[in-house]
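Everything on this sheet refers to the single structure shown next.
Values below: every heavy atom of this structure, side chains too, minus hydrogens, waters and symmetry copies. Note that the structure is a prediction, hence the values are computed from the model and not measured.
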Amino acid sequence: MKPTHAAWLFVAPALLAIAVFFVVPVAAALVMSGTDFDIYALADLSNVRFIGLHNYVELLQRPLFWQALLNTLFFVVVGVPLSVAASLLAALLLNSPLARFKGAYRTALFVPVVTTVAAVAVMWRFLLHTRYGFLNYSLSSLGFSPIDWLGNPHWAMPAIMLLSVWKNFGYNMIILLAGLQAIPNDQYEAARLDGAGPWAVFRHITLPSLGPMLLMVSILTMAAHFQLFAEPYVMTQGGPLNSTLSLVLLMYQQGFRWWNMGYSAALAFVLFAFILVASVVQARIRKGLML
């Protein structure tokens with residue numbers, strides 16, 4: 001047997017799994033996005049009609065799509081920098097030689113990542129309660145009026161964003177902490193001997209060394225924020241007044257509540273296009289900064 005044939009034989013199971021569980025479903029969803037597949041089609045596939053780009057044109061004409069898109073973009077534009085900054089700050093604090101009990105703090109900060117959204121929602125609903133929540137109690141102690149965090153359209157998305165950052169920043173923190181620990185101490189010692197201060201060391205050594213990891217973390221965080229679903233679904237169901245309705249939540253509602261599967265599939269590919277464009281832009285910006 002030739003080496004190339006043996007190589008294909010070894011990778012065939014993995015390629016078969018990728019084809020069955022990724023390529024085929026994506027291709028089926030793409031075909032579905034060009035049809036009017038709905039609950040009647042589940043009973044009889046002869047009810048399915050090919051309608052071309054009608055679903056894409058229709059979603060662009062619906063105000064609800066644009067509201068969900070603006071909500072998602074707001075969550076991405078504000079939430080991604082906030083999440084990455086919180087992760088970087090936590091990683092820097094844990095990497096500091098002055099920090100003690102690093103293992104305990106790493107575990108405590110990473111626990112929210114592996115905690116189920118349902119359990120987190122129960123706790124955060126109590127924290128955000130209008131009358132009895134800890135946040136409003138703290139505001140009242142400082143002389144401020146209580147805020148209806150989940151019932152006010154102006155505060156609902158920031159509340160969801162705060163929950164999301166708290167729950168997910170520990171994952172990025174572990175990645176950035178590994179990157180910080182991989183930077184040779186010789187560079188820091190040489191910088192200090194040259195009289196560089198903490199800010200100069202951070203700007204000219206730490207940030208450039210973390211560049212590839214920051215890019216990866218930013219892209220992963222951005223993709224996750226574009227796919228915002230669990231937090232608004234559990235906490236607000238997209239309300240109040242659709243102020244926390246995201247593209248994925250709208251996709252879920254159209255596909256599994258109203259059974260507009262073709263329209264829902266079209267939404268999925270529009271979301272994919274946004275994530276792809278945003279990822280390419282981030283990579284280009286990072287490449288330009290490195291030149």
Side-chain angles (χ1 to χ4, degrees), residues 4-5 7-77 79-80 117 164 168 216 218-234 237-238 242 244-284:
T4 54
H5 293 168
W8 280 110
L9 183 62
F10 280 110
V11 301
L15 293 177
L16 180 62
I18 292 174
V20 172
F21 296 104
F22 178 75
V23 177
V24 173
V26 170
L30 182 60
V31 173
M32 186 184 295
S33 70
T35 68
D36 62 348
F37 196 101
D38 55 16
I39 193 171
Y40 300 104
L42 294 176
D44 187 357
L45 289 179
S46 62
N47 292 324
V48 179
R49 296 176 301 169
F50 183 76
I51 55 177
L53 299 177
H54 176 76
N55 286 325
Y56 295 91
V57 175
E58 183 181 358
L59 70 87
L60 293 177
Q61 293 175 345
R62 287 192 178 183
L64 192 60
F65 164 77
W66 291 107
Q67 183 170 1
L69 177 60
L70 290 177
N71 292 340
T72 304
L73 290 177
F74 173 78
F75 188 77
V76 170
V77 171
V80 171
V117 177
S164 179
N168 298 307
M216 181 188 71
S218 299
I219 292 177
L220 291 176
T221 306
M222 179 208 62
H225 279 59
F226 262 116
Q227 299 175 69
L228 175 69
F229 170 74
E231 290 84 353
Y233 177 76
V234 174
Q237 290 288 314
N242 295 320
T244 59
L245 181 68
S246 65
L247 286 177
V248 177
L249 184 54
L250 177 61
M251 187 195 320
Y252 166 80
Q253 291 177 349
Q254 291 294 323
F256 297 99
R257 180 177 296 177
W258 310 116
W259 292 102
N260 296 324
M261 302 298 292
Y263 183 85
S264 180
L267 267 172
F269 284 97
V270 170
L271 178 61
F272 167 75
F274 274 103
I275 296 176
L276 179 63
V277 170
S279 299
V280 171
V281 169
Q282 276 192 322
R284 292 289 180 87

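- Applying the salt bridge (charged side-chain N to carboxylate O under 4.0 Å, His left out) rule to pairs touching residues 45-61 yields D36-R49, E58-R62, sequence neighbours excluded.
- The closest side-chain heavy-atom distance from Q227 to I275 is below 4.5 Å.
- The salt bridge (charged side-chain N to carboxylate O under 4.0 Å, His left out) analysis of residues 248-269, with sequence neighbours excluded, yields no pairs.
- A donor-acceptor distance shorter than 3.5 angstrom exists from the side chain of S246 to the backbone of L228, with no hydrogens or angles considered.
- Between F269 and F272, the angle of the ring planes goes over 60°, which puts this pair in the perpendicular group of the 30/60° scheme.
- One distance of note links OH of Y263 with CZ of F65; it measures 7.5 Å at 0.5 Å rounding.
- Q237 and L249 make their closest contact through C-CD2, 4.0 Å (heavy atoms, listed as atom of the first residue, atom of the second, distance).
- Counting heavy atoms from C-beta outward, V248 and F226 have side chains that stay 4.5 Å or more apart.
- Residues satisfying the side-chain hydrogen bond (donor to acceptor under 3.5 Å, both in side chains) criterion with T244, sequence neighbours excluded, are T236.
- Taking CD from Q61 and CH2 from W66, the interatomic distance works out to 10.5 Å, rounded to the nearest 0.5 Å.
- With L250 as reference, L267 is the one residue of L267, L69, T72, L59 to meet the side-chain contact (heavy atoms from CB on, under 4.5 Å) rule.
- Listed here is the closest heavy atom pair of A19 and P25: O-CD, 4.2 Å.
- For the pair N55 (side chain) and G34 (backbone), a donor-acceptor distance under 3.5 Å is absent.
- Between V80 and M222, the closest heavy-atom pair is CG2-CA, 3.6 Å.
- Distance OH/Y252 to OG/S264: 11.0 Å, rounded to 0.5 Å.
- N242 pairs by the side-chain hydrogen bond (donor to acceptor under 3.5 Å, both in side chains) definition with nothing, not counting sequence neighbours.
- In this structure, NE2 on H225 lies 11.0 Å from CZ on F74, to the nearest 0.5 angstrom.
- Inter-residue side-chain proximity for L247 and M251 is flagged as unmet; no heavy-atom pair is nearer than 4.5 Å.
- At a threshold of 4.5 Å between non-hydrogen side-chain atoms, the residues L30 and S33 count as touching.
- For S164, the side-chain hydrogen bond (donor to acceptor under 3.5 Å, both in side chains) partners two or more places apart in sequence, or in a different chain, are N168.
- Residues satisfying the side-chain hydrogen bond (donor to acceptor under 3.5 Å, both in side chains) test with Q254, not counting sequence neighbours, are N260.
- When side chains are defined from C-beta on, F274 does not count as touching V76, because their heavy atoms never get closer than 4.5 Å.
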